[in-house]
Amino acid sequence: MSFSADDHKFMARALLLAKKGIYTTAPNPNVGCVLVKDGHVIGEGWHEKAGEAHAEINALKQAGKNAEGATAYVTLEPCCHHGKTPPCSEALIKAKVGRVVAAMIDPHSKVAGQGLKQLEVAGVFVQHGLLEEQAKALNPGFIKRMQHRLPYVRCKLAMSLDGRTAMASGESKWITSAEAREDVQRLRARSSAILTGVGTILADNPSMTVRLEGVERQPLRIVVDTNLSMPTDARILKEKGQTVVMTCSSDEPVIQALKDAGADVQIMPYCSSSVDLKAVLQQLSDMHINEVLLETGATLSGAMLQAGLIDEMIIYVAPVLMGNNARGLFSLPGLDSMQDKVELDILEQRMVGQDIRITAKVKQLN
């Protein structure tokens with residue numbers, strides 16, 4: 001399909017609008033919509049919060065009766081099923097828009113092309129695929145959950161220039177700058193859940209909360225704790241929001257003590273010597289978790305990497321050296337030769353304060 005320069009301009013605006021919901025729309029996708037008539041924007045909107053009006057409805061409210069004959073640029077195919085809100089496809093038809101341009105097809109099984117088909121049957125001229133890759137980049141977690149019953153996992157790591165994450169004693173506060181730590185707060189804020197291991201809880205006693213002005217939603221905090229060694233006075237249990245402990249243990253007194261301290265304890269399936277990590281992610285998907293931020297030590301991050309469960313790495317590299325005895329980034333047993341190396345595809349490198357932030361994806365595991 002061919003699209004004009006104006007089509008690109010207005011869809012780019014819709015994508016910018018969609019980004020405004022990045023901290024508030026989960027478990028729904030981020031969506032933006034721009035209504036254009038005679039080359040002028042007559043209405044625009046974005047999905048602002050889960051359970052509230054979708055982007056198309058907000059744009060139609062702005063346009064009013066002027067929406068008749070207009071073109072709607074929307075970053076995701078309009079929904080056609082009744083959920084917490086009525087179908088957007090029906091609202092667009094009722095408003096008598098003349099054309100709908102969608103950046104991408106909705107991967108939700110209840111939509112999956114049916115929204116565009118419904119519009120087409122009603123006489124609306126329909127196109128899709130404009131700035132599709134940019135639209136997909138807005139909602140990696142929603143797309144993966146719909147297609148694979150797994151959330152999108154980002155692994156956040158902080159290291160020295162010589163690849164160390166903590167001193168031999170376990171001391172790690174602080175490797176990176178205040179600017180990098182603030183950037184991590186934004187990663188937390190966009191995530192539906194933060195995943196860590198009990199080793200991190202025992203070593204650092206972190207709170208793992210979002211501390212950004214204007215951001216109210218706290219991500220779900222998940223602790224992988226095979227044998228239930230988590231203390232009941234852990235800081236993570238005293239913070240706002242919910243903490244879930246995923247375990248293989250069925251020790252009822254310990255479970256009850258953690259529940260009394262505020263934890264939700266879940267005994268996981270497929271347990272042998274440790275919690276099945278893919279089962280953890282599937283459970284999170286079933287809980288409508290789109291994006292997971294992995295904040296943990298070398299053991300759990302290494303296990304997640306070797307299991308092929310990490311989609312993206314965010315690595316902060318500080319301009320410091322920590323020496324040979326300090327702890328490494330990943331625990332990756334079995335990498336004995338160069339042919340066993342893990343190759344990364346570097347997507348972005350940029351400065352955050354004095355630190356280098358590297359965004360990378362795993363190319364393949366040999």
Side-chain angles (χ1 to χ4, degrees), residues 1-36 41 44-47 54-56 59 71-79 88 99-109 111-117 119 125-155 186-187 190-192 285 289-293 308-315 343-350 357-364:
M1 293 183 181
S2 60
F3 297 100
S4 69
D6 277 350
D7 288 336
H8 282 81
K9 179 179 74 172
F10 294 127
M11 185 61 81
R13 173 61 183 165
L15 289 165
L16 284 175
L17 290 169
K19 288 181 182 178
K20 291 188 174 186
I22 198 168
Y23 300 144
T24 55
T25 62
N28 293 348
N30 303 300
V31 183
C33 179
V34 175
L35 285 169
V36 177
V41 174
E44 60 181 31
W46 68 95
H47 183 37
H54 289 186
E56 298 93 321
T71 294
Y73 296 90
V74 60
T75 59
L76 184 71
E77 174 187 8
C79 64
C88 292
R99 177 183 177 221
V100 171
V101 181
M104 61 172 287
I105 300 294
D106 191 334
H108 196 297
S109 60
V111 188
Q114 295 306 304
L116 294 181
K117 185 176 181 181
L119 288 162
F125 180 57
V126 168
Q127 293 175 286
H128 69 86
L130 175 61
L131 301 183
E132 182 175 10
E133 292 307 310
Q134 292 89 330
K136 287 180 177 179
L138 279 175
N139 294 295
F142 178 76
I143 293 168
K144 190 174 181 188
R145 180 165 68 87
M146 292 298 106
Q147 294 179 339
H148 303 290
R149 196 192 156 209
L150 289 169
Y152 188 88
V153 178
R154 288 187 184 88
C155 180
R186 288 188 284 271
L187 286 177
R190 71 166 295 167
S191 303
S192 304
S285 174
I289 298 297
N290 287 337
E291 297 185 10
V292 172
L293 184 62
L309 298 175
I310 293 176
D311 296 291
E312 182 180 305
M313 296 182 195
I314 307 288
I315 306 169
E343 295 187 11
L344 303 180
D345 185 7
I346 304 297
L347 304 180
E348 180 192 51
Q349 297 182 72
R350 62 182 173 88
R357 174 180 146 148
I358 299 172
T359 304
K361 289 194 173 185
V362 181
K363 291 177 75 169
Q364 66 177 54

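Separating the CD1 atom in Ile346 from the CG atom in Leu344 is a distance of 5.5 Å, to the nearest 0.5 Å. Going from atom CD of Gln349 over to atom CD1 of Ile315 covers 10.0 Å, rounded to the nearest 0.5 Å. Rounding to the nearest 0.5 angstrom, the gap separating the NZ atom in Lys144 from the CG atom in Asn139 is 15.0 Å. Atom-to-atom distance recorded for Cys33:SG and Arg13:CZ is 12.0 Å, nearest 0.5 angstrom. In this structure, CE on Met11 lies 9.5 Å from CD on Gln127, to the nearest 0.5 angstrom. Note: His47 NE2 to Leu17 CG = 14.0 Å, rounded to the nearest 0.5 Å.
Between Pro151 and Asn290 the shortest side-chain heavy-atom distance does not fall below 4.5 Å. Glu312 places none of its side-chain heavy atoms less than 4.5 Å from the side chain of Val153. Contact annotation: the side chain of Leu119 approaches that of Pro78 to within less than 4.5 Å [non-hydrogen atoms, C-beta and beyond]. Here the side chains of Leu35 and Thr71 are not in contact, with every heavy-atom distance at 4.5 Å or above. Residues His128 and Ile105 are in side-chain contact: their nearest non-hydrogen atoms beyond the backbone lie under 4.5 Å apart. You'll find the side chain of Val31 reaches within 4.5 Å of the side chain of Val74, heavy atoms only.
With sequence neighbours left out, the side-chain contact (heavy atoms from CB on, under 4.5 Å) criterion links Arg149 to Gln282, Ser285, Asp286. Lys117 is linked by a salt bridge (Lys or Arg N to Asp or Glu O under 4.0 Å) to nothing, counting only residues two or more places apart in sequence or in another chain. Among residues two or more places apart in sequence or in another chain, the side-chain contact (heavy atoms from CB on, under 4.5 Å) test is passed with Asp7 by Phe3, Ser4, Tyr73, Arg99, Leu130. When the side-chain contact (heavy atoms from CB on, under 4.5 Å) test is applied to Lys136, the partners found at least two apart in sequence or on another chain are Met104, Glu132, Glu133, Ile143. For Phe142, there are no ring pair (Phe, Tyr, Trp, His ring centres under 6.0 Å) partners at least two apart in sequence or on another chain. Partners of Arg357 by side-chain contact (heavy atoms from CB on, under 4.5 Å), not counting sequence neighbours, listed by chain and number: Asp183, Leu187, Ile314, Tyr316, Glu348, Arg350, Val352, Thr359. Evaluation of the salt bridge (Lys or Arg N to Asp or Glu O under 4.0 Å) rule for Glu291 yields Arg154, Arg190 as partners, not counting sequence neighbours.
Considering all non-hydrogen atoms of both residues, Ile310 and Val362 come closest at O-CG2, 4.4 Å. When all heavy atoms are compared, the tightest approach of Glu56 to Cys88 is OE1-SG, 3.5 Å. Considering every non-hydrogen atom in both Pro107 and Leu76, the closest pair reads CD-CD1, 4.3 Å. When all heavy atoms of Ala59 and Gly45 are compared, the pair lying nearest together is CB-N, 3.8 Å.
Formation of a donor-acceptor pair under 3.5 Å by the Asp345 side chain with backbone atoms of Lys361 is not found in this model. Not a single donor-acceptor pair under 3.5 Å links the side chain of Thr75 to the backbone N or O of Ala14. Side-chain N or O atoms of Glu77 include one that pairs as donor or acceptor with a backbone N or O of Asp106 at under 3.5 Å. No donor-acceptor distance shorter than 3.5 angstrom exists from the side chain of Arg145 to the backbone of Pro140, with no hydrogens or angles considered.
Pairs passing the side chain to side chain donor-acceptor pair (under 3.5 Å) check and including a residue from residues 17-27, sequence neighbours excluded, read Thr25-Asn30.
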